[in-house]
Amino acid sequence: MNKILVIGAGPIIVGQACEFDYSGTQACKTLKEEKYNVVLLNSNPATIMTDYEIADSIYIEQINKDNLIKIILLEKPNFILPTMGGQTALNCIYEFMNSDFYFPKNNILGINKKTLINAESRNSFYNLIKKIGFKCPDSTIINNNYNNEIFYKIEFPCIIRPSFTLGGLGSGIAYNKKNFFLIIKNAFSFSNEITIDKSIIGWKEYELELLIDNYCNIIVICCIENLDPVGIHTGDSITITPSQTLSDKEYQNIRDCSFVILKTVGLRGGGANIQFAINPANGDVIIIEMNPRISRSSALASKATGYPIAKISTKLSIGYSLINLLNDITCSNLPASFEPSIDYIVLKFPKFNFEKFNNINYLNTVMKSIGEIMSLGSSFQESFIKAIYSITETEIIPSFIKGKYYNNYKFKIINKILIPNSKRIFYILDAFRLNFNIKLIFILSKIDPWFLYYIKEIIDYEKKFYYFKNTKKIIFKQIDSCSNEFVSPTSYLYSSNYFINEIRFTINKKILILGSGFNRIGQSIEFDYCCTKAAKLIKKIGFDSIIINCNPETVSTDYDVSSQLIFDPITNNYLNNLINNFKPILIICQLGGQLPLNYLRFNNNKNNNKILGINKINNNICGSKNKFNKLLKKIKINIFKNFFSKNINDLIFFSNIIKKPIILRPSYIIGGSNINIILNNFELIKYINNFKKKNIFIFLEKFLINAKEFDLDLLVEKGKIIKSFIIEHIENAGIHSGDSMMIYPTFSINKFTKKKIIFYISLICYKLKINGLINFQICFKKKIYIIECNPRSSRTIPFISKSSKFPMIYNYISIFLGYNIYYKEKINNFYYLKESILPTNKFKIGLLSPEMKSTGETMSIGLTIQECFKKSQNIKSEKVFINTKKIFKYIKYLKTIKNIKTNSFLKKIFFDLHICSYVSKKKKKTCFLSDKILNICNNYTYSTNLMIKLFLSSFNKNYSIIRKINNI
């Protein structure tokens, strides 16, 4: 059997989110269908891609050349597929190709070294474009040894772009000399080759998603048009497909150009993405760049058209022809070479989290969006309104006019439309409400008047649209890749107000799963993992699984994961309409994070008795800190001194009664939004100034410094704990669990303390009669304190499922559908470390706090904590870390390690690593302790004073240590 090594995308970062997990998962599934033995390299524990069902062998390791070589030596794969893991995989394979390690060139699928350099090196790409007679931006290519004299040839503004980067990393728009040299210096930190392009800011931007086979057959999947002009990264722009303002002549022109470019670059057997700019004044066409792989837009194009791009691309890479393949979604004799045709409008809105980073809300060539939503409608207006509902998670078109002084706000709107920012589209809506004309907004924004006309029409008939939406019956339309030209059995649907209902009803009982919506900091693909696993099991059992979601990046919104997929906003009206049409027997809202629980909280109808695992009363008790603490007091569990304030006066009064430090917590939040630790009155005043209104419902609580924190994930049935897992935070309490490094199993507490924690938790579960998946956060310092309870799946569910080998989601579904679970207790000889990844290269991140800032995570596995830590931080050392079975005393060797660049060091976090390493009594004297602890103290973090407590067992050669693996 042939063996293929697939390289994944690693952790989620800004610019490379879970679109590549979706592509990689589809690729692995396709290769297994083709009877290949699939080996996977990926470091991301949150994705379904690293689930045991996806590949035959999974290596959860850092994606780099060294690990790639180790896996090749161990597994001896016949082929490597690197085009599904975004820029991370492409850069890894480029390093591998440049190494001395021999691997047959023809066995690296979908890409070769020459093609990679032709497409990724801007110098090579621009030379090729000029050679074949097309235009690229007038540019100057420089490297590290550039001469400052080139500055005198530059016209401002200019666009600076490094090669071999993703998401516009290191790029920028220079408007003057000072700006120019700052951007150049930053760009060289990411690449050795920089392109300085003559500005084409304001031009219209388009993307073509293409597939090419080994026989040079090429098809265009779709043309994506950016609503925003050139100057804003395409990942941050609102995009639309099919393109609305491109004439047929212009489309055929860029289509022909793209075919010539693909053949000239030398790409064979895979997908590609080419970006074009068109001058709206004279129609000049310029080629901006090309990605010789499955791109970020491929997931959007795939979900928009229903065409399985990653699946077909994988088959092309192993030798199939587009003509010989069939398109699965049509299930007819349509070949994969049949270009998708759609009879609806698709919009993509990006999601930003600027409020987390205190950064200036300004958009340019560097991608800053965290996630995105996709909406489908039978007209531009319908799709636009649904997009706004999805991104705001309410059925209201936002307005900032209320309470504003007209003249002042008018000038503010002009400024906000002129300077690109994340809320510009909402300021444009307000501008139309204030009777701005289309011409003025076009001059300010350079957004095509075609779009502005229809956006203005929405505002002109705002009341009419609301009436229209609420009175006309909503039906469901089918996505079939062929505009209803052929009969298609697909159950990929979206709601609309037009035409006839296209739902295909079945006699099977239906279970509805509420998705998590767009990716954001605090609610990412961990919940997509849960929804995907649940949908698969429900289908296996024989029920119909229905998923509603609006996120195009995820695996759960793949057309073949659930029995029926509904691509709609997750809001009350859309959900109620869906339930009335499909009549599910159960509704699962514990797997999609906080958003589905909000439906339970705000919805008052007969469907509440169908909701699995949790009811409205329990949700309100667990979601409200005030109510939850009253429950803890009632059952006599330790609580901190606390008060509940309803206004600013209460907040000031109670904060002086409780001795500082105190922690302020709003209710019903995710990702620690607006949770603050207050050390003094100055910080309290600063916190209060953030609130414009007088009535603020904030829970005040005493904050315990230098306390350990634990996460508990539980599977509970009728208040009885079926299975529990305790995960230990390495940083102390005060840092959000999503940002803290975590270790499983625990190492710093004994069995008695563990039993006590479980006893306290079982009291709460019994009292509330909680069902399903529950997450608790525990604080421990001499006493056990319960911080909070989340009556849903947590972000640690995928991590704990992969660490413990216990299928949490499968057992959750099985129990509540009446099946028994079977789990054989396994001896676990390993430690599992989860490290957060922060976007330090895109945003200014200060100190860590109770508000989550990380975008993704990596996982390390080792026989000891030290081994995990070494892998996580890429420490290259020959030292071997070992444990012995009997515990006599903690031996802590305190050492400041320089030359380690980690997220935690960049944010000035100091580890509290109680390492589980021990020696015998006789040889204890040969170990020594450092007394230079105070020199590395940082009073402004909520962690311990110690940098790293690492016991380096081979540091002193005068003694030896017996190796014995701990049995858990």
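Only heavy atoms go into these numbers, but all of them, side chains included; no hydrogens, no water, no symmetry mates.
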**Request:** Indicate yes or no: at least one non-hydrogen side-chain atom of Leu41 is less than 4.5 angstrom from one of Ile58.
**Result:** no

**Asked** Does any non-hydrogen side-chain atom of Leu565 lie less than 4.5 Å from one of Thr490?
**Response** no

**Message:** Could you work out, with salt bridge (charged side-chain N to carboxylate O under 4.0 Å, His left out) as the rule, every residue matching Glu526, not counting sequence neighbours?
**Reply:** none

**Request:** Would you please say whether a donor-acceptor pair under 3.5 Å links the side chains of Ser297 and Glu207?
**Result:** yes

**Message:** Going by the rule side-chain contact (heavy atoms from CB on, under 4.5 Å), which residues pair with Glu75 if we only count those two or more places apart in sequence or in a different chain?
**Reply:** Lys3, Val39, Ser57, Tyr59, Ile71, Pro77

**Message:** Please list all pairs meeting salt bridge (Lys or Arg N to Asp or Glu O under 4.0 Å) that have one or both residues in residues 12-31, counting only residues at least two apart or in different chains.
**Reply:** Lys29-Asp560

**Request:** Could you tell me whether the side chain of Thr855 reaches within less than 4.5 Å of the side chain of Leu838, counting heavy atoms only?
**Result:** no

**Request:** Look at the side chain of Ser191 and the backbone N and O of Ser163, then say whether any donor-acceptor pair between them is shorter than 3.5 Å.
**Result:** yes

**Prompt:** Does the Arg296 side chain pair with the main chain of Gly15, one donor and one acceptor, at a distance under 3.5 Å?
**Reply:** yes

**Message:** Side chains of Leu211 and Ser313, heavy atoms from C-beta outward: is any pair under 4.5 Å?
**Reply:** yes

**Asked** What's the verdict on side-chain contact (heavy atoms from CB on, under 4.5 Å) for Thr47 and Tyr529, showing C-alpha distance, side-chain angles and the deciding distance?
**Response** CA-CA 6 Å; Thr47 170; Tyr529 168 90; over 6 Å; no

**Message:** If you define the side chain from C-beta out and look only at heavy atoms, does anything of Ile861 sit under 4.5 Å from Cys868?
**Reply:** no

**Request:** For Arg122, check salt bridge (charged side-chain N to carboxylate O under 4.0 Å, His left out) against everything at least two apart and list the hits.
**Result:** Glu289

**Asked** Does the side chain of Ile743 reach to within under 4.5 Å of the side chain of Tyr831, using non-hydrogen atoms?
**Response** yes

**Request:** Check whether any side-chain N or O of Asn78 sits under 3.5 Å from a backbone N or O of Asn2 as a donor-acceptor pair, and report yes or no.
**Result:** no

**Prompt:** Yes or no on ring-ring contact (aromatic ring centres under 6.0 Å, His included) for Phe725 and Phe806, after CA distance, side-chain angles and deciding distance?
**Reply:** CA-CA 10 Å; Phe725 298 97; Phe806 181 78; 5.7 Å; yes

**Expected output: side-chain Thr746 to main-chain Ile727 donor-acceptor under 3.5 Å** = no

**Prompt:** Ignoring hydrogens and geometry, is there a side-chain-to-backbone donor-acceptor pair from Thr30 to Gln26 under 3.5 Å?
**Reply:** yes

**Message:** Checking Glu857 now: which residues fulfil salt bridge (charged side-chain N to carboxylate O under 4.0 Å, His left out) with it, not counting sequence neighbours?
**Reply:** Lys834

**Message:** Going by the rule salt bridge (charged side-chain N to carboxylate O under 4.0 Å, His left out), which residues pair with Lys70 if we only count those two or more places apart in sequence or in a different chain?
**Reply:** none

**Message:** Going by side chain to side chain contact (heavy atoms under 4.5 Å, CB included), Ile93 matches just one of Leu68, Thr88, Ile63, Asn112. Which one?
**Reply:** Leu68

**Asked** So which heavy atom on Leu169 is nearest to which on Pro162, and how close?
**Response** O-CG, 3.2 Å

**Request:** Would you check, one step at a time, whether the test side-chain contact (heavy atoms from CB on, under 4.5 Å) holds for Leu210 with Asn273?
**Result:** CA-CA 6 Å; Leu210 305 116; Asn273 164 275; over 6 Å; no

**Asked** Looking only at atom types and distance, does a side-chain atom of Ser298 sit under 3.5 Å from a main-chain N or O of Ile294, one as donor and one as acceptor?
**Response** no

**Item:** Criterion side-chain hydrogen bond (donor to acceptor under 3.5 Å, both in side chains) on Lys303 and Asn551, from CA distance to verdict
**Value:** CA-CA 9 Å; Lys303 305 294 172 67; Asn551 189 343; over 6 Å; no

**Partner set under side-chain hydrogen bond (donor to acceptor under 3.5 Å, both in side chains) for Arg520, not counting sequence neighbours** = Glu393

**Item:** Check against side-chain hydrogen bond (donor to acceptor under 3.5 Å, both in side chains), Asn118 and Ser124
**Value:** CA-CA 5 Å; Asn118 284 344; Ser124 301; 4.9 Å; no

**Message:** I'd like to check the side-chain hydrogen bond (donor to acceptor under 3.5 Å, both in side chains) partners of Thr796; sequence neighbours left out, ordered by chain and number.
**Reply:** Asp713, Ser794

**Prompt:** For Phe747, does its backbone N or O pair with a side-chain atom of Glu728 as donor and acceptor, under 3.5 Å?
**Reply:** yes

**Item:** Working for side-chain hydrogen bond (donor to acceptor under 3.5 Å, both in side chains), residues Tyr307 and Glu209
**Value:** CA-CA 11 Å; Tyr307 189 97; Glu209 288 297 324; over 6 Å; no

**Fill in**
Applying ring-ring contact (aromatic ring centres under 6.0 Å, His included) to Tyr94 and not counting sequence neighbours gives Phe164

**Asked** Who pairs with Ala89 by side-chain contact (heavy atoms from CB on, under 4.5 Å), at least two apart in sequence or on another chain?
**Response** Ile7

**Asked** Closest heavy-atom contact between Pro552 and Glu372?
**Response** CG-OE2, 3.4 Å

**Prompt:** For the residue pair Thr557 and Asn549, what are the closest heavy atoms and their distance?
**Reply:** CG2-CB, 3.6 Å

**Item:** Leu316 side chain reached by Leu325 side chain, heavy atoms, under 4.5 Å
**Value:** yes

**Request:** Show your reasoning for whether side-chain contact (heavy atoms from CB on, under 4.5 Å) applies to Arg293 and Ile111.
**Result:** CA-CA 8 Å; Arg293 54 172 168 76; Ile111 198 82; over 6 Å; no

**Item:** Set of side-chain contact (heavy atoms from CB on, under 4.5 Å) partners for Ser321, sequence neighbours left out
**Value:** Asp213, Tyr215, Asn217, Ile323, Asn324

**Request:** Apply the test side-chain contact (heavy atoms from CB on, under 4.5 Å) to residues His729 and Ser737: give CA-CA distance (whole Å), side-chain angles for both, the deciding distance (0.1 Å), then the verdict.
**Result:** CA-CA 7 Å; His729 294 207; Ser737 60; 3.2 Å; yes

**Prompt:** What pairs with Thr532 under side-chain contact (heavy atoms from CB on, under 4.5 Å), at least two apart in sequence or on another chain?
**Reply:** Ile48, Asp528, Lys536, Val555, Ser556, Val561

**Request:** Verify, without hydrogens or angle tests, whether Gln16 (side chain) and Gly167 (backbone) share a donor-acceptor contact under 3.5 angstrom.
**Result:** no

**Prompt:** Between Tyr22 and Ala299, what is the shortest heavy-atom contact and its length?
**Reply:** CD2-CB, 3.9 Å

**Item:** Minimum heavy-atom distance between Thr83 and Pro292, given as atom pair plus value
**Value:** CG2-O, 4.2 Å

**Verdict with reasoning, Ser121 to Glu193, per side-chain hydrogen bond (donor to acceptor under 3.5 Å, both in side chains)** = CA-CA 8 Å; Ser121 165; Glu193 182 186 274; 3.0 Å; yes

**Asked** Hey, are the side chains of Cys530 and Ser793 touching, using non-hydrogen atoms and a 4.5 Å cut-off?
**Response** yes

**Asked** Between the main-chain N or O of Ser836 and the side-chain N or O of Ser854, is there a donor-acceptor pair closer than 3.5 Å?
**Response** no

**Request:** Work out which heavy atom in Phe527 is nearest to a heavy atom in Gly522; give both atom names and the distance.
**Result:** CE1-O, 4.0 Å

**Item:** Main-chain N/O of Ile54 paired to Asp51 side chain as donor or acceptor, under 3.5 Å
**Value:** no

**Item:** N-O pairing of Glu53 and Lys533 below 4.0 Å
**Value:** yes

**Message:** Between Phe96 and Phe101 (judged by ring centroids, cut-off 6.0 Å), do the two rings come close enough to count as a pair?
**Reply:** yes

